[in-house]
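All figures in this text were calculated on a predicted structure; none of them were measured in a lab.
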Amino acid sequence: PKQYFTDNRIVVDNITCGHLNESQYILKNLSVEIPAQCITAIVGSNGAGKSTFMRSLFGLQKIQHGLIKVFGINSQDEFRKLIKICSYVSQQPIADFEMTGLEILNYFGSMYRIPKQSRDKKIIELVKLFHLQKNISNKIASYSGGNLQKIHLAIGLINHPWVLMLDEPTNNLDAISKHEVWSYLQDRSRRDKKTSVVISHDLDCIEKYADHLVVMNDGEVLYQGGIHEFINKASIQTKRSLNNHVQDQQHIGRSSTSH
């Protein structure tokens, strides 16, 4: 897939998309640059436009104007090229409940035209990663919410994507499984030099594993940059606010004493 790379970033330039009504859109003149070979977390309150933004990155949400390039590929016009290097895992698991976990992973592996030997090897790796050994031969209908989410994630990883887009990937997972997923994403970026873009509300995991942060609110970007720079900036602002509060209280105390 490297033959498609003319740029190793995700560049979003002044996009508007997602009709709220005739004159309002969910995303408004939004511009973002997401670096490669790291984990970028997208955070924001419900209704901030995070899922619409990610769907536009993958070409599922049409934009009114602007430009999106994923590693040099126009996500709106070059979808066939995009799916060769990119996977998108939506917030809601979608699967044929009459198929077994093994059948569904083989099905998607075949869709990506992965040779059987490579496909079998990848499936074994994913089953081990998500601890699905006891369930993989059972029908999806019998899976718990957590195991269904794990199969959903495994489908997104079956094709070794250079860019992985995940919308709330740790929904329904226990604490241990959440950290295993985030740790795996970190290994992908550090060891395999691959890119992950993750929508999440799990601030503890974001702080521990993410490298880059995009903060959204009401269809706009409030912050984009390093996660640790954001934490340090927030810490400084909190300290300043606290100091101002203490000084105000001291001033009030002096004023009340003088009267």
**Message:** Quick one: does any side-chain atom of R188 pair with a main-chain N or O of P161 as donor and acceptor, under 3.5 Å?
**Reply:** yes
**Message:** Please say yes or no: joined through hydrophobic side-chain contacts below 4.5 Å, possibly via intermediate residues, are L203 and L213 part of one cluster?
**Reply:** yes
**Asked** Does a side-chain heavy-atom distance below 4.5 Å link D218 with K28?
**Response** yes
**Asked** Sub-3.5 Å donor-acceptor pair from the side chain of D192 to the main-chain atoms of K194, do we have one?
**Response** no
**Request:** Side-chain contact test, heavy atoms from C-beta onward, threshold under 4.5 Å: evaluate it for E220 versus L30 and give yes or no.
**Result:** no
**Request:** Verify side chain to side chain donor-acceptor pair (under 3.5 Å) between S51 and D167, making sure each step is shown before the conclusion.
**Result:** CA-CA 7 Å; S51 294; D167 192 345; 2.6 Å; yes
**Residue pair L164 / S196, side-chain heavy-atom distance below 4.5 Å** = yes
**Prompt:** When you measure from the side chain of H65 to the backbone N and O of N14, does any donor-acceptor pair fall under 3.5 Å?
**Reply:** yes
**Complete:** The reported gap from NZ in K178 to CD in Q149 (rounded to nearest 0.5 angstrom) is 10.5 Å
**is_close_aromatic(F97, Y143), centroid dist under 6.0 Å** = no
**Message:** Quick one, T40 with D211, criterion side chain to side chain donor-acceptor pair (under 3.5 Å). Give me CA distance, side-chain angles, the key distance, then yes/no.
**Reply:** CA-CA 6 Å; T40 293; D211 307 289; over 6 Å; no
**Prompt:** Counting only N and O atoms by type, is there a donor-acceptor contact under 3.5 Å from the side chain of K50 to the main-chain atoms of G44?
**Reply:** yes
**Asked** Could you walk me through whether I68 and S56 pass the side chain to side chain contact (heavy atoms under 4.5 Å, CB included) check?
**Response** CA-CA 8 Å; I68 302 173; S56 71; 3.8 Å; yes
**Message:** Less than 4.5 Å apart, side chain to side chain, heavy atoms only: is that true for F130 and L157?
**Reply:** yes
